[in-house]
Amino acid sequence: MPSEPTDAEPNWVHYEPEEATLVAKTTFNEIDTVFEFELEDRDELGHVPGQFVQVFVPGVGEAPFSVSSSPTKDGPFELCIRKVGSVTTAIHEMEVGDTLGIRGPFGETCDIETFKGNDMLFVAGGIGLAPLRSMINFILYHRDWFRDVTVVYGCKDPTEILFPEEIERWQERDDIRFDITVDEVPEGVEWDDHVGVITTLLPGLKIDAPNTYTIVCGPPVMFQYVQEELDAKEIPHDHIYLSLERRMHCGVGLCGHCQINDLYVCQDGPVFNYEVIKDRPEALS
Amino acid sequence: MTDIEIKEEYVTRVEGHGNIVVNAANGEVENCEWQIVESPRYFESMFIGKNYEAVPHITSRICGICSASHVNSSLKAVENAIGVEISEQDRKLRKLSLNGEMVQSHVLHVGYLALPDLVGSKSVLPLAASHRDEVETVIRLHRLGNELLETTAGRSVHTERLIPGGFSRIPSERDLEDLRGKLEGAWDDLDAVVEFLGTLTDELPEFERETEFISLTHPDEYALLDGVIYSSDTGEMRNEDYESIVNEYIVPQSSAKFTKHARESYFVGALARVNNNFDQLSPKAKEVAAAFGLEPVCHDPFMNNVAQVVELAHLFEYSIDLIDELLDAGLEPQSDYNRPDITPEDGRGIGIVEAPRGILIHDYTFEDGTCRKANSVIPTNQNHANIQHDMEAFVPTILDEDEAEITRKLEMLVRAYDPCISCSTHYLEVEFVEG
Amino acid sequence: MKVIRKSDFDDLVNGLIESDPREVVGVQDDGTKYVFKPLERAADLSLDYDVTMLSPKKYFFPQKERLVQYRESEDGYEMLRDWSSEGKIIVGVHPYDLIAIEQLDRIFIDTQQDEPYRRKRENSLLIGVNMQAVSEWSFAGSMGTAVTDSGFDLMLTDLEDRYAVEIGSRKGSKLLEESPVREATLEEVDEVERITDELPEKFEKGIEFPPEKLPSLLDENYDNMAVWDEYADGCLSCGTCNVICPTCYCFNVDVVDFITDDTGGTVRRWDGCLLEDFAAVAGGENFREETVQRHRHRLMRKGNYIYERFGDIACIGCGRCTQHCVADVADPAEIYNKLWRSTNA
Amino acid sequence: MSKSTNMKPRVAFFDFTGCEGDQLQVINLEEKLLELVEIVEIASFREASSAHSDDYDIAFVEGSATTPHDAERLEEIRENATTVVALGSCATIAGINAIRNSQDFEAVKERVYGGEGDLFESWSEAKPIGAVIDVDYEIPGCPIDRQEFLRVLTDLVRGREPKMVNYPVCLECKLNENTCAYLRDDICLGPVTRGGCNSICVNGGTRCWGCRGLVKNPNENAACDVLEEHGLTTDEVMNFYNLYFGWQRTEEVVQ
Ligand SMILES: Cc1cc2nc3c(=O)[nH]c(=O)nc-3n(C[C@H](O)[C@H](O)[C@H](O)COP(=O)(O)OP(=O)(O)OC[C@H]3O[C@@H](n4cnc5c(N)ncnc54)[C@H](O)[C@@H]3O)c2cc1C
Ligand code: SF4
Ligand code: SF4
Ligand code: SF4
C-alpha cells in the first residue's frame with residue numbers, strides 16, 4: 001500500500017523528487033550544455049556553492065550534478081552537464097518546457113567564512129569548471145571579502161571550453177586573474193592563448209602560500225599533478241579543497257556507493273579538505 | 001496447365017527448419033520433396049561421458065516445445081539403466097507434467113500455428129484485433145498448460161524439478177488444489193475453442209491416404225507416460241525392439257533420419273493415439289470427437305488438429321483425476337531439496353513416452369554412472385516419411401490450382417503434423433523447381 | 001517481569017494472526033534451516049532455533065522496495081512516493097538481531113532520516129526470544145550481543161511450559177493486556193537471570209580480544225596485505241556475506257518500467273560492496289577494482305568505519321556470513337583474530 | 001518531459017542451431033505479447049508467423065552458428081539490423097552445443113549418422129553468434145528469463161543501454177533464502193555463473209548448472225577448490241564446467 005503523499009515531514013528523506021522545468025539551455029559543444037531549471041513549488045533551490053542535486057529523469061534514472069550557478073543569482077538554478085551515458089544523454093535531449101525530478105541540494109562543502117581576507121586560487125580541469133563556477137561567481141559577488149582571486153582552467157582543446165562568454169567577461173575584469181590553457185589545438189581551430197597541460201600554468205603564479213585557499217576540481221589523474229605543484233608552492237594542505245566524484249544512488253549517506261574508506265562523498269563531500277582525504281587510500285586512485 | 005515451381009524455404013509457424021520442393025510440368029509431377037535442412041545437432045554425442053544427473057538436463061535442450069517429454073523419456077531410460085524406481089506419487093506428478101506440456105503444445109499448435117491458416121491470416125497476432133475473444137481464450141488455455149507444467153516441474157521450458165529418482169521438489173497440496181480449480185474453470189474456454197474450430201473445419205482440404213498408425217498402448221489407461229508400442233497394422237510390440245520397429249534410415253534431402261515399419265511410412269502423434277486408443281479417451285474427449293465426426297480409423301492427416309483438441313479435453317479430465325488421486329491419498333512430504341540417494345548400476349535402459357507429436361524414445365547405456373552410448377528417436381523423424389508420401393499423393397489432386405494456393409495447402413499439410421524439426425534436428429520450406 | 005503459559009502465548013499469537021491488520025511473521029523450520037516467514041498459526045513457530053538465514057532486517061528494509069512511481073501525463077510527469085508504510089508483527093527475534101536492528105535504527109532513523117524505513121519500523125512490533133540453541137558459527141558471546149535489555153517490545157525466555165516475558169515498550173505491554181499473564185515469582189526471575197548470564201559462555205567461537213579494540217586494530221592493519229590477501233584469494237565476489245548480514249544496508253536504485261506502460265518507478269534493492277561493479281563509476285573507473293580491496297572494505301566497515309560514524313561495531317557476531325560463504329573466507333572472527341595475533345604476537 | 005515520438009521499432013526473430021525454447025519463452029509472455037505488438041512491429045518471427053520482411057531494426061537471434069550457411073545468414077541479418085541481440089545460451093556462449101567441441105568431430109559424426117555423417121555440412125565446432133558477427137547485446141539463459149527479455153526490449157525501445165547482470169547466481173540464491181547446495185552435499189556452479197535468472201534452478205530444489213555462462217571475472221580457481229573440497233576430481237569438475245562453459249573457457253579465458 002503506497003503511503004499517503006501528504007503526510008511527509010519535510011526533513012525526512014522520502015525519495016520523491018520535486019518537479020523542475022527546463023527553462024533554458026545553452027550548448028557549448030557536442031557534449032557540454034548548461035541547463036536552467038525552475039522548481040515547481042519553490043523559488044530558490046537554497047544551495048551553497050559546491051553542493052549538488054540528484055536529477056531524476058523518469059524512465060531513465062537518477063544522477064548527481066553539482067549546481068553550477070551561484071546562490072547569489074536570482075531565479076532558475078543551473079546545471080552544466082556533460083553527455084556521458086544514459087541519464088546525461090536523456091537530459092541533453094530535453095527541450096525547454098520539459099520537466100524532470102530534482103532532489104537536494106545535498107552535500108557538505110567548504111566554509112567560505114574561513115576564506116575571508118585571503119587569496120583564492122581555483123584550479124579547474126575540463127568539466128570540473130562546472131562545480132567551481134558556482135563558487136567563483138559567489139566570490140566575485142562578494143569580491144571585497146577577499147584579496148587576490150585567481151582562476152586556472154585547462155581544457156582538452158578550444159572546442160571544449162565551457163562558458164566562453166562568461167570567461168571573456170572574467171578575463172576583462174581587472175579584479176580577477178584568469179589563465180586558460182588547452183592540451184592541444186586541432187587543425188583548423190583558432191587559438192592564440194596558452195597550450196599545454198594545466199600544471200604548466202601553475203609555476204608562473206605568484207602565491208602567498210600561507211594566505212591562499214585553493215579549490216581544485218577535475219579528473220582524478222589531474223589532482224596528483226596539481227598537488228605536486230601546490231606542494232612546490234608550499235600551500236598548507238588544510239588550505240586545499242577538492243571536489244570528488246563517485247557513483248551515488250541516494251545522495252543522503254545510505255547507499256554506500258560513494259564511500260571512500262570511512263567517508264561518504266555525498267555527505268562529507270563532495271568538496272573535501274585535502275588534509276582530511278590525503279590519508280584515505282581510496283580517495284584519489 | 002501451367003508449370004509449377006515451388007521452393008518454399010523454411011516453412012513458417014512450425015518448430016524448426018524444413019523446405020517444400022515441388023516441380024511439375026504439363027500436369028505431371030516431376031519432383032516433390034519434403035527436405036529437412038536443420039543444422040545437425042549431434043545430440044547423441046553430447047551425452048557421451050556425462051553422468052546420469054546431467055543426461056536428462058541435456059536431453060531437455062533437444063527441444064524447447066516438448067522439453068518435458070524429453071526429460072520424462074530420458075529419466076525413464078536413465079532410471080531403467082541405472083536401476084532406480086520411483087514412487088507412485090512421483091509417477092503421477094510426472095504424468096501431470098507431461099499432461100501440462102501436451103496441453104501447452106497442442107494449444108500452441110492449434111491456436112497459434114494452425115488457426116491462422118483457417119481464418120486466412122499470417123499469424124495469430126493480427127487476430128488479436130479481428131478475433132480478440134478467441135485469441136484471449138487460446139492464450140488462457142496456453143497459460144493453463146504452462147501452469148500445469150510450472151506447478152509440477154518448476155519451469156515451463158526446460159524443467160528443473162524432474163530428476164533421476166523423482167522430484168527435487170514437489171508441489172504443495174495447496175498448489176495442486178489451485179491447479180485443480182483452474183482446470184475445472186477451463187471447460188468454457190475449451191468449449192469455445194471446439195465451437196470456433198467447428199465453424200472452420202470446412203477450410204480443411206479434403207484428403208485421405210491409408211497409412212499405419214503407431215503409438216503406445218496401455219491396458220488401463222490412454223497411454224502417455226507408460227505403455228508398449230502398438231501398430232494399427234501389426235498390433236502390440238516389445239519396447240526393447242524399437243530399433244527394428246522404427247528402422248531409421250538416412251535420406252540425402254534431410255539432416256533428420258527417416259523411419260518406416262510395416263509399410264513405406266507411418267504416422268505418430270495425436271491422430272495415431274486417438275485412432276489406436278480411442279476407447280480409453282475420457283467421456284468429454286469422446287464428446288468432442290463426436291462433435292467433429294472424428295472416429296477411428298481416420299486416415300485424413302488434416303484431422304490431426306482435431307485429434308489434438310480431442311486430446312485437450314482428455315488431458316483436462318485426466319489431470320483432474322490425477323490431482324484427485326494425489327490429494328485423496330495425501331501428499332507424502334519430502335525435502336525441499338530432494339536428491340535421492342542413488343548407487344548407479346551398469347546397464348542399458350530404454351525410455352519411451354508419448355510426446356505431443358508422438359512416441360519419443362531415448363536409449364542409454366551407463367557404466368559407473370556415466371553415459372557410454374546414447375540413441376534417440378524423435379517423433380517428428382518418424383513422421384517425415386509419412387509427410388513425404390502424403391505430399392506425393394496430395395500434389396496431383398491439387399495441381400489445377402495456382403502456385404500460391406498449392407503452396408498454402410502443402411504448408412497446411414506439413415503444419416497438420418505439427419512437426420518439431422529442431423527435435424528431429426530443425427525447418428520448413430516449399431521449393432518449386434523448374435520443370 | 002511477567003509470565004505467560006506457552007499455550008496462552010500461542011493463543012495470543014493466533015489472535016494477532018486473526019485480528020491484527022498487520023502481517024504476523026515468525027521463525028519457522030523450513031526443513032533444512034530456519035527462516036522468518038509469514039505465520040499461518042502459532043504452532044508453526046520454532047522458537048528454539050539457532051539462527052535464521054536472513055535477519056528480520058528484510059521487513060524494514062526490503063530486498064526490493066518501490067520508492068517512487070511516475071506517470072506520464074499531458075504536461076509532464078507526475079511523481080509520487082510509492083513505498084509501503086506497512087509494519088509487521090515479528091515473533092522470535094534473537095538478541096543479536098535486536099541489536100542489529102537498533103543499529104539500523106540509529107542510521108536510518110536517528111541520523112539519516114530515511115522515511116520508508118522509519119514508517120515500517122515504527123509500525124512494527126518486535127517479540128524477542130532468548131536463545132535456546134547456539135549456532136556453531138556464531139560468536140555473539142564475545143561481541144557482547146548474546147543478550148540485550150533493549151530493542152524489543154516483548155522479550156521471551158523459555159521456561160519449559162511457560163515464557164518469562166520482559167516488557168520493553170508501551171506497545172508491548174498493551175499487547176499483553178488481554179492475555180492471562182501473571183507476575184514472575186522470585187525463582188522465575190532468578191532462573192531467567194541464570195539463563196541470560198550463562199548464554200554468552202555457550203559459544204564455541206569468539207574473538208580473542210575485547211570488541212572495543214576492533215576499530216583501532218583495523219586502523220593499524222589497513223595495510224596488512226598478508227592477511228587480507230589470504231582471504232581475498234578465495235573470495236568469489238558473490239556478495240553473499242553482504243546480503244546475509246543483519247547490519248549491511250547498501251543498496252542500488254533501478255528504474256523499472258514496462259514497454260507498454262506510461263508509468264514506471266524506481267526500486268531500491270540490496271547491493272553488496274563485495275560485488276565487482278559496486279564502486280565503478282561512469283567512464284569505467286573502478287575505485288575498488290581488486291577483490292582484496294572490496295574484501296577489506298567490508299571488514300573495515302564492520303569493525304571501524306561504522307563505528308567511527310555511528311558509534312557501533314557493525315558486526316553482531318551472528319555467524320551468518322561464515323555459515324553461508326561458499327568459499328569459506330568470510331568469517332569475521334577468524335580474520336579479526338588473525339589480525340590481532342599478527343599485531344600482538 | 002514529452003514522450004519522444006518514436007516510430008514503431010521493427011523487431012525480428014531468427015533461429016539457428018538450438019531448441020527454439022527462447023522464442024517459446026517470448027510466446028509464453030501470453031497477454032504481454034499482445035501488448036508488446038502494439039508498441040513494436042514484428043517484422044519476422046518464423047516460429048509464430050508467416051509474415052516476413054527484411055526491414056527491421058532489432059534482430060533477436062537464437063541458436064548457435066554451426067555451418068557456413070549460418071554464417072551467411074548471420075552476415076545478412078547484421079547488415080539489415082541496427083541492433084543485434086543474441087538470445088539464449090546457444091547464441092551467447094554456444095550453450096550445450098559446445099559440449100561436442102571438445103570431442104573428436106569424426107567420432108561425433110560417426111555416433112549420430114554412422115558412415116554418412118558427411119552428407120550434412122557442419123563445422124567441427126558450434127559457435128556463439130558473437131564469434132561470427134558483431135553482437136550488440138546478449139540475453140543469456142537456457143532458456144531466457146521472460147522478465148529479462150522484456151527489460152532489454154524496453155531498454156532498447158526507450159533508448160537506454162541494456163545492462164547485463166554481472167554478479168554470480170549465488171547472490172540471488174541467498175536473497176531467495178535457499179539452502180545452499182554445498183550445505184546439503186550437492187554441488188553447484190552458482191558461484192561463477194552470471195546471475196539474472198533469480199536462481200530459479202536452486203529455487204526448484206536443485207543446483208545451478210551454469211546455463212547463463214561465466215560472470216565477467218569469475219574466480220575459477222576458488223570455485224574449483226570448492227568443488228574439489230566437495231569430492232569432485234579435477235576431471236569431474238571440468239566435465240561439469242563443460243556443460244555450458246566449454247566455449248567461454250577455451251575461447252575467452254584461456255586465450
Ligand atoms: C557530486 C557529483 C557532482 C557531479 N557534478 C557533475 C556536473 O556538474 N556535471 C557533469 O556533467 N557531471 C557531474 N557529475 C558526474 C555525473 O554524475 C555522471 O556523469 C553521471 O552520473 C553519469 O550518468 P549517466 O547515466 O549519464 O551515465 P552512465 O554511464 O549511463 O551511468 C551508468 C550508471 O552508472 C551509475 N553511475 C555512474 N557514474 C555515476 C555517478 N558519478 N554518480 C551516480 N551514478 C553513477 C548510474 O547508476 C548510471 O545509471 C557529478 C558527480 C558527482 C558525484
Ligand atoms: S559480518 Fe557476518 S557475523 Fe558479523 S553481523 Fe554480519 S553476517 Fe553476522
Ligand atoms: S546453491 Fe549454488 S547458487 Fe545457491 S548459494 Fe549455493 S553455490 Fe551459490
Ligand atoms: S540457476 Fe543456473 S542453470 Fe538455472 S537458470 Fe540460473 S544460471 Fe541457468
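In this text, all values refer to a predicted model and were calculated from it rather than measured experimentally. First the proteins, then the strands, lettered A, B, ... as listed; each starts at 1.
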Atom [atom1] in [X], atom [atom2] in [Y]: separation rounded to 0.5 Å?
X: C/Ile109; Y: A/Trp12; atom1: CD1; atom2: CH2; result: 5.5 Å
X: C/Asp114; Y: A/His14; atom1: CG; atom2: NE2; result: 11.0 Å
X: C/Arg288; Y: A/Gln259; atom1: CZ; atom2: CD; result: 6.5 Å
X: A/Cys255; Y: C/Asp271; atom1: SG; atom2: CG; result: 8.0 Å

Notebook entry, point to check: Any idea how C/Phe251 and A/Tyr15 line up, ring-wise: parallel (<30°), tilted (30 to 60°), or perpendicular (>60°)?
Noted result: perpendicular
Sidechain-backbone polar pair: [X] side chain, [Y] backbone, donor-acceptor under 3.5 Å:
X: C/Tyr70; Y: A/Gly59; answer: yes
X: C/Gln112; Y: A/Gly253; answer: yes
X: C/Arg268; Y: A/His249; answer: no

Notebook entry, point to check: Between A/Val84, A/Leu254, A/Ile260, which shows the greatest number of heavy-atom pairs under 4.5 Å with chain C?
Noted result: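 Counting heavy-atom pairs under 4.5 Å, the top option is A/Leu254.
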Checklist line | Closest-packed option against chain C by number of heavy-atom pairs under 4.5 Å, given A/Gln267, A/Glu19, A/Glu62, A/Glu18 | finding: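 Of the options given, most contacts go to A/Gln267.
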Next item on the list: Could you please spell out the steps behind the side chain to side chain donor-acceptor pair (under 3.5 Å) verdict for C/Tyr222 and A/Asn261?
Entry: CA-CA 10 Å; C/Tyr222 185 83; A/Asn261 297 108; 2.9 Å; yes
Note to self: Minimum heavy-atom separation for C/Met79 and A/Pro17, please, with both atom names.
What the structure shows: SD-CG, 3.7 Å
Notebook entry, point to check: Which atom names give the shortest non-hydrogen contact between A/Asp262 and C/Arg309, and what distance separates them?
Noted result: O-NH1, 3.3 Å
Note to self: At a heavy-atom distance under 4.5 Å, which candidate from C/Cys250, C/Ala279, C/Gly264, C/Cys273 has the highest pair count against chain A?
What the structure shows: C/Cys250
Note to self: Please classify the contact of C/Arg301 with chain A as side chain, backbone, both or neither, using a heavy-atom distance under 4.5 Å.
What the structure shows: side chain
Next item on the list: Please flag which part of C/Val253 lies under 4.5 Å from any non-hydrogen atom of chain A: side chain, backbone, both or neither.
Entry: both
Inspect the surroundings of [atom1] in [X] and state if more than 12 heavy atoms from other residues, nucleotides or ligands are less than 6.0 Å away.
X: C/Lys171; atom1: NZ; value: yes
X: C/Phe61; atom1: CZ; value: yes
X: A/Lys25; atom1: NZ; value: yes
X: A/Asp43; atom1: CG; value: no

Next item on the list: Quick one: do C/Val255 and A/Phe56 satisfy side chain to side chain contact (heavy atoms under 4.5 Å, CB included)? Show the steps, please.
Entry: CA-CA 10 Å; C/Val255 167; A/Phe56 176 59; 4.0 Å; yes
Margin query: Does A/Arg246 qualify as a cation-pi partner of C/Phe287, given the criterion of NZ or CZ under 6.0 Å from the six-membered ring centre and within 45 degrees of its axis?
Written below: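 Yes.
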Next item on the list: Could you tell me whether the side chains of A/Glu282 and C/Gln293 share a donor-acceptor contact shorter than 3.5 Å?
Entry: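 Short answer, no.
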Item checked: Trace of the side chain to side chain contact (heavy atoms under 4.5 Å, CB included) decision for C/Asn252 with A/His257 -> CA-CA 8 Å; C/Asn252 221 313; A/His257 285 274; 4.0 Å; yes
Note to self: If I measure from the heavy atoms of chain C, does A/Tyr264 come under 4.5 Å with its side chain, its backbone, both, or neither?
What the structure shows: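 Both the backbone and the side chain of A/Tyr264 come within 4.5 Å of chain C.
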Next item on the list: Look at C/Asp277 together with A/Arg247 and state whether they make a salt bridge at an N to O cut-off of under 4.0 Å.
Entry: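 Looking at A/Arg247 together with C/Asp277, the answer is no, because their closest N to O distance does not fall below 4.0 Å.
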Margin query: For a 4.5 angstrom cut-off between non-hydrogen side-chain atoms, does C/Glu285 reach A/Pro220?
Written below: yes
